[in-house]
Amino acid sequence: MSLLTVKDLGKSFGGLAAVDGVSFSIRPGELLALIGPNGAGKTTTFNMINGQLRADRGSVRLSEHELLGLAPRDIWRMGVGRTFQIAETFSSLTALENVQMALLSHQRRLFSFLKPARALYLDRARELLHQVGMAEQAERACSALAYGDVKRVELAMALANEPTLLLMDEPTAGMAPQERHALMALTKRLVLEQNIAVLFTEHSMDVVFAFADRVIVLARGRLIAQGTPAEVRRDPLVQDVYFGTGATFTTHEDKRGAHA
């Protein structure tokens, strides 16, 4: 049974279709990679699902709830976590304080006159840092952490709302190969343990083919292929559009029609 169902999602800018009729679904416990060349519509798709960008048409349903039209904070509170291409943490705060801030936001307790914020949700914040392997660095400021560790803190923050769906935009951007694989191995373990669905974009094909359960491919706003990593790797259209010259953006139906 699908957790997230996207149907006929569309968005245009000045007459240019950035996303054109995209449909797909994700099941709990599944890592779905969204890939494509620059300008394919990946970030636009992400931002519509997350409520940061209003869609022109379509539907995005989390179980039985329609997400289109909701504000990002409301989608967050419905159990949709997100990480960003450039890690979104407070550099002057410690790893522990960053996770506490995420917990305070989820519990709608950013302002409290009864108890200092630094005393709230300490145990839960430490538990989340432990889950991502950052417990020993909880008291260090994010500005003093290695970038790969900052990404782990951001993941802990994304888990603060106990998400059923996690959106990860270029989660390994700027990381060395060993760091990339360590972060995605950690993500996959958490997905299996907590039965979370993950949609992620990624330019590193080694990460995609090593960790994704399924892959969907966009080109010029259209969904051109989907399947297992092995199936997508063998797809001639994907090879032409994504791994090749990028000169052809026709669909399988268009190619068959051209030879009819």
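Across every non-hydrogen atom of Gly21 and Asp8, the tightest pair is CA-OD1, 3.3 Å. Across all non-hydrogen atoms, the minimal contact from Leu32 to Ser25 is CD2-O, 3.8 Å. Of all non-hydrogen atoms in Gly29 and Leu192, the two that sit nearest each other are O-CD2, 4.3 Å. Between Ala102 and Met157, the shortest heavy-atom distance links the atoms CB-O, 3.7 Å. For Tyr147 against Gly174, the heavy-atom pair with the smallest separation is CD2-O, 4.0 Å. The shortest non-hydrogen separation linking Ala40 to Leu218 is CB-O, 3.4 Å.
At least one side-chain heavy atom of Met78 sits less than 4.5 Å from a side-chain heavy atom of Leu70. With contacts defined as side-chain heavy-atom distances shorter than 4.5 Å, the pair Leu166/Leu190 does not qualify.
For Asn50 (side chain) and Gln52 (main-chain N/O), no donor-acceptor pair under 3.5 Å exists by modelled atom type.
With a 6.0 Å cutoff to the six-membered ring centre and a 45° limit on the axis angle, Lys42 does not count as a cation-pi contact of Phe46.
When each of Val191, Leu167, Ile26 is paired with Val198, the side chain to side chain contact (heavy atoms under 4.5 Å, CB included) condition holds for Val191 and for no other.
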Next item on the list: Check step by step if side-chain hydrogen bond (donor to acceptor under 3.5 Å, both in side chains) holds for Asp169 and Thr201.
Entry: CA-CA 5 Å; Asp169 190 5; Thr201 64; 2.8 Å; yes
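In this structure, a donor-acceptor pair under 3.5 Å is absent between the side chains of Glu179 and Thr172.
A salt bridge is defined here as a Lys NZ or Arg NE, NH1 or NH2 lying under 4.0 Å from an Asp or Glu carboxylate O, and Arg82 with Glu154 fails to meet this definition. Salt-bridge check for Arg27 with Asp213: failed, with every basic side-chain N at 4.0 Å or more from each acidic carboxylate O.
To the nearest 0.5 Å, atoms OG1 (Thr44) and CG (Asp20) are separated by 12.5 Å.
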